[in-house]
Number of protein chains: 2
Amino acid sequence: MTQRKYPLTLRDVSEVSGVSEMTVSRVLRNKGDVSATTRSKVLDATKSLGYVPNKIAGALASQRVNLVAVIIPSMSNMVFPEVMTGISQALDETDLQPVVGITNYLPEREEKVLYEMLSWRPSGIIIAGLEQSEASRVMLANSGIPVVQIMDIDGDPIDAMVGISHRRAGRKMAEAILKSGYQNIGFMGTQTPLDHRARKRFEGFTQALAKQGVEIVDREFYTGGSALAKGREMTESILTRSPDLDFIYYSNDMIGAGGLLHLWDKKIDIPSQVGLAGFNQVELIDGLPLRLATMDSCRFEIGQTAAQIIAVRNGLLDLPLENIVELSPKIEFGDTLLRK
Amino acid sequence: MTQRKYPLTLRDVSEVSGVSEMTVSRVLRNKGDVSATTRSKVLDATKSLGYVPNKIAGALASQRVNLVAVIIPSMSNMVFPEVMTGISQALDETDLQPVVGITNYLPEREEKVLYEMLSWRPSGIIIAGLEQSEASRVMLANSGIPVVQIMDIDGDPIDAMVGISHRRAGRKMAEAILKSGYQNIGFMGTQTPLDHRARKRFEGFTQALAKQGVEIVDREFYTGGSALAKGREMTESILTRSPDLDFIYYSNDMIGAGGLLHLWDKKIDIPSQVGLAGFNQVELIDGLPLRLATMDSCRFEIGQTAAQIIAVRNGLLDLPLENIVELSPKIEFGDTLLRK
DNA sequence: ATGAAAGCGCTAACAG
DNA sequence: CTGTTAGCGCTTTCAT
């Protein structure tokens, strides 16, 4: 159980067990036939030594790395943890493991993280969004491994893509809002250049309104800080500036929740006086006085499907999967959007 | 820019640039002196080929892996993202990179993740908590690399530890509550066997109360679901059951926020009629009608310090750091705890 | 069912 | 400043 020569090798196990390195390797990988006697001799030795195989060497020799690189902009977002859950669950069926890289929405950072990841020769890449820098696209295209772009399908994939149409999502929400009779509509969201998906929802939203001759009355954008507090403050300020607003569409549930709290506080009736909707269907805000209208962004399923595509491409799973998978988010009306 | 033979090697770059593999390697790692001419020849070749070095081979040859394994129970928790930020920021000064493994509070899963991580021979390990299984402790102790246990310091470290005393945190909060004149105190938290740190806070809390002859009037535990919703429901139920409660201590800010919303809703005056306190100082809930009393858990600093210890041990940073670092959380009174 | 030889792609160490 | 040699610790392939 004790040990001194730190990086133990197969050779050490071989010597202690009196079995060749090759056979030890077979036992450890459950590969090929090994007699029960030999097997237990080896297992005893590894256990008593506390041997941990060196995957670096194994990967180099076998030219196979059971890692899937996952590159996402942020983790604190509520949205990616759920994507990760989907990925992990799907990969648990295989011997693949996810490794996460965070870009903070910075293209230069994305390039660096991607380069770093590729240098470990993973078995696949899952990367958020369709908007990579030219350099990143080249790396991905030349990587020789399966690449799945996730979250968004409004654009052309490098290889495979799984996600929802954020433009369509914005459009659907606009249509539902208009159908419910709201007319004076405001928008509140993150500073868009950073977040392409929020931008696309906004574009789809305004286009669908325009189609029915409606234009956004007011809008406000924020960056940084607590989304809940921002939603609160900004909702107050937008309603002060544009008191005739009867609906506010938020680019995510957290600022929407802030808005909800503000209106609740001010005794403004929801949804008759002012209606609200967010995006993402985040469980975190379950428990507010009202359930915010929102749209499921299919995060779990996106992660799961993306991981399955990687598994299939590696011959680890047999499933009929397209290279382009569009999921369909549904509107949750909750308590803040009249249903008509 | 285009390429066909997928895993490009140093040899390919060497051939294209007319420079030996060794020198190409030097250029790519900025190691040793290389003339400007040679350097640019090499850089041109790598760029035009789109060569990405193979770290697997590099790590095997150099016996050095610039990875730091970070093993934590969960990511969706609000607490670990901030720890990760601290780790990332500290490691950014070095060439080390964090790799995260998630255990979901399952010891068996922790063992597996740890084994997997160790098999990549990282330059250090940062692992949450002091309560590992015997097998995990043996692996850690025998790994031959720096091990930093984080979050908690109520116990003995395997190697190094950075965190706060959760027992003391619970005690301090109890003292502040009593000092403010509250007498009928309730507790609400996660199912404790899973979460040792919440348990220790609870223990410290009740001990400090006992010292002043006070006993908890009521308590309730939950598991799973939206913490906000649980906080709301459970606060209602505990107050129904024990209407004389004048203070509730929550094991985290999210359920505390749920309780806050319930009381707000019921027009129960905070903090005069009922006082509240949570734990963690989570930015996410900034924006509630009142600021919940809480305690900073020093998450960022914990991550940062742990990473610095790893960097120092690897000779990548020169800083005088103890092996045991206790940080001191401070009470934030907010609006829900009388200050007397 | 087990072993021996060769080599994965890179870098340490030494030459020059 | 540049090149050569010898592995790093495994696994692949081929023998036995």
Side-chain angles (χ1 to χ4, degrees), chain A residues 5-43 45-46 49 51-67 95 116 118-123 143-144, chain B residues 3 5-43 45-46 49 51-67 95 115-116 118-123 143-144:
Chain A
K5 182 209 159 197
Y6 276 127
L8 246 30
T9 68
L10 266 191
R11 166 173 221 104
D12 297 303
V13 182
S14 167
E15 279 169 6
V16 171
S17 62
V19 173
S20 79
E21 289 185 35
M22 198 49 237
T23 302
V24 173
S25 171
R26 285 196 184 95
V27 172
L28 264 24
R29 289 177 297 139
N30 293 309
K31 205 104 187 186
D33 295 315
V34 181
S35 76
T37 340
T38 313
R39 161 176 242 82
S40 72
K41 264 194 281 185
V42 169
L43 258 19
T46 57
L49 288 170
Y51 170 73
V52 177
N54 185 333
K55 283 217 176 181
I56 304 273
L60 183 61
S62 66
Q63 300 286 66
R64 183 166 183 282
V65 179
N66 67 335
L67 260 25
D95 68 338
E116 209 68 36
L118 286 177
S119 72
W120 287 103
R121 302 285 187 266
S123 292
S143 67
Chain B
Q3 109 190 27
K5 182 211 159 195
Y6 275 130
L8 246 29
T9 68
L10 266 190
R11 165 174 221 107
D12 297 304
V13 181
S14 168
E15 278 168 6
V16 170
S17 61
V19 174
S20 78
E21 289 185 34
M22 197 51 232
T23 301
V24 172
S25 170
R26 286 196 184 95
V27 171
L28 264 25
R29 291 178 296 143
N30 293 309
K31 205 101 186 187
D33 294 317
V34 181
S35 76
T37 340
T38 311
R39 159 174 244 85
S40 73
K41 263 194 282 187
V42 170
L43 258 20
T46 56
L49 288 170
Y51 170 73
V52 177
N54 185 332
K55 284 217 178 183
I56 305 273
L60 184 60
S62 66
Q63 300 286 69
R64 186 169 180 280
V65 179
N66 68 334
L67 259 26
D95 68 339
Y115 185 82
E116 207 67 37
L118 286 177
S119 72
W120 288 102
R121 301 286 187 269
S123 292
S143 65

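Since the structure is predicted, the reported quantities are computational estimates derived from the model, not experimental observations. Lettering follows sequence order; numbering is per chain, from 1.
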### Task
For B/Trp120 and D/dC10, give me the distance from atom CH2 to atom C1', rounded to whole Å.
12 Å

### Task
Return the value, rounded to whole Å, for the distance between atom CG of B/Leu60 and atom C1' of D/dA6.
13 Å

### Query
Between B/Glu116 and A/Asn66, is any pair of side-chain heavy atoms under 4.5 Å apart?
yes

### Task
For B/Asp33 and C/dA15, give me the distance from atom CG to atom C1', rounded to whole Å.
16 Å

### Summary
When rounded to whole Å, the CG to P distance for the pair A/Leu10 and C/dA4 reads 14 Å

### Message
Tell me the closest heavy-atom pair linking A/Val13 and A/Val42, and the distance in Å.
### Response
CG1-O, 4.3 Å

### Task
Assign each of A/Thr38 and B/Ala59 to its nearest nucleotide of DNA chain C by heavy atoms, then name whichever residue's nucleotide is nearer the 5' end.
A/Thr38

### Query
So, does the side chain of A/Arg26 form a donor-acceptor pair with the base of C/dG3 at under 3.5 Å?
yes

### Query
Is the shortest side-chain N/O distance from B/Ser25 to OP1 or OP2 of C/dT11 below 4.0 Å?
yes

### Query
Within the pair A/Arg39 and C/dT2, is there a side-chain N or O less than 4.0 Å away from OP1 or OP2?
no

### d(CZ, B/Arg121; P, C/dT11) in whole Å
19 Å

### Task
Mind calculating the distance between CG (A/Asn30) and C1' (C/dA1) to the nearest angstrom?
16 Å

#### Entry: Spacing of CG belonging to B/Asn30 relative to CZ belonging to B/Arg39, to within rounding of 0.5 Å
5.0 Å

### Proximal nucleotide (of C/dT11, C/dG3, D/dT12) relative to the A/Ser62 side chain
D/dT12

### Message
Side chain of A/Ser20 only, heavy atoms from C-beta on: which candidate in C/dG3, C/dC10, C/dG9 is closest?
### Response
C/dG3

### Task
Kindly say if B/Arg29 contacts the phosphate of C/dA12, meaning a side-chain N or O under 4.0 Å from OP1 or OP2.
yes

### Query
Tell me: CD of A/Glu21 to P of C/dG7, nearest whole Å?
17 Å

### Query
Phosphate oxygens OP1/OP2 of D/dG7: is one of them under 4.0 Å from a side-chain N or O of B/Gln63?
no

### Message
Nearest heavy atom decides the nucleotide; on that basis, is A/Asn54 or B/Val34 closer to the 5' end of DNA chain D?
### Response
B/Val34

### Task
Round to a whole Å and report the spacing from NZ of A/Lys31 to C1' of C/dT2.
17 Å

### Query
Pick the nucleotide of DNA chain D nearest each of B/Ala61 and A/Met22; which residue has the one closer to the 5' end?
B/Ala61

### Query
A/Ser35 side chain: which of D/dC1, C/dC10, C/dT2 is closest?
C/dT2

### Message
If you compare every side-chain N and O of B/Tyr51 against the phosphate oxygens of C/dC10 (OP1, OP2), does one of them come in below 4.0 Å?
### Response
yes

### Query
Under the 3.5 angstrom rule, does the side chain of A/Ser119 hit a backbone N or O of B/Asn54 as a donor-acceptor pair?
no

#### Entry: Within 6.0 Å of CZ in B/Arg64, more than 12 heavy atoms from elsewhere
yes

